[in-house]
Amino acid sequence: RKAEDTIGLNFFREVAPCAAVRDFQGRFDEFAAAPELTSKKFGFIYPFWLGHKQVKITMVRRPSEPENVYLVTEFIRNAPGR
């Protein structure tokens with residue numbers, strides 16, 4: 001999706017409802033509730049209908065803007081078992 005089509009939407013309800021699980025949204029909620037943290041990385045498998053995709057998620061924020069959390073997704077090529 002293009003950024004302009006998703007900016008302002010709720011990520012877990014409107015962009016990627018498949019990510020509204022403990023392994024993703026739970027980690028996001030914990031990170032968002034801890035403004036002293038500036039970054040966190042974890043792996044996740046998106047259950048796309050054409051096949052699962054393993055990704056690396058990085059959550060970051062600026063100390064000067066603790067209310068803004070940015071998600072960066074990096075697809076892992078040739079991930080085993082998927």
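- Heavy atoms only, all atoms of each residue included: I45 and H52 are closest at CG2-CB, 3.6 Å.
- Taking all atoms of both residues into account, the shortest heavy-atom contact from T38 to P63 is CG2-CG, 3.9 Å.
- Hydrophobic clustering (side-chain heavy atoms under 4.5 Å, transitive across Ile, Leu, Val, Met, Phe, Trp, Tyr) groups V15 together with V21.
- R22 is linked by a side chain to side chain donor-acceptor pair (under 3.5 Å) to E30, counting only residues two or more places apart in sequence or in another chain.
- Clustering ILVMFWY residues whenever any of their side-chain heavy atoms sit less than 4.5 angstrom apart, transitively, puts F75 in the very cluster that holds L71.
- The NZ atom of K56 sits 4.0 Å away from atom CD of E74, with the distance rounded to the nearest 0.5 Å.
- Cluster annotation: Y70 is not connected to V55 through the hydrophobic network of ILVMFWY side chains, with a link wherever side-chain heavy atoms come within less than 4.5 Å.
- In this structure, F24 and F44 have perpendicular ring planes: the angle between them is above 60°, well past the 30° mark.
- A centroid separation of less than 6.0 Å is found between the aromatic rings of F28 and F12.
- The structure places CZ of R61 at 6.5 Å from CG of L37, a figure rounded to the nearest 0.5 Å.
- Nearest heavy atom pair, residue T58 against residue V60, reads CG2-CG1, 3.7 Å.
- One hydrophobic cluster, built from ILVMFWY side chains closer than 4.5 Å, holds both Y46 and L9.
- P35 pairs by the side-chain contact (heavy atoms from CB on, under 4.5 Å) definition with P66, not counting sequence neighbours.
- Taking N68 as the reference, E65 meet the side chain to side chain donor-acceptor pair (under 3.5 Å) condition, with sequence neighbours excluded.
- Note: F42 and F31 fail the aromatic proximity criterion, with ring centroids not under 6.0 Å apart.
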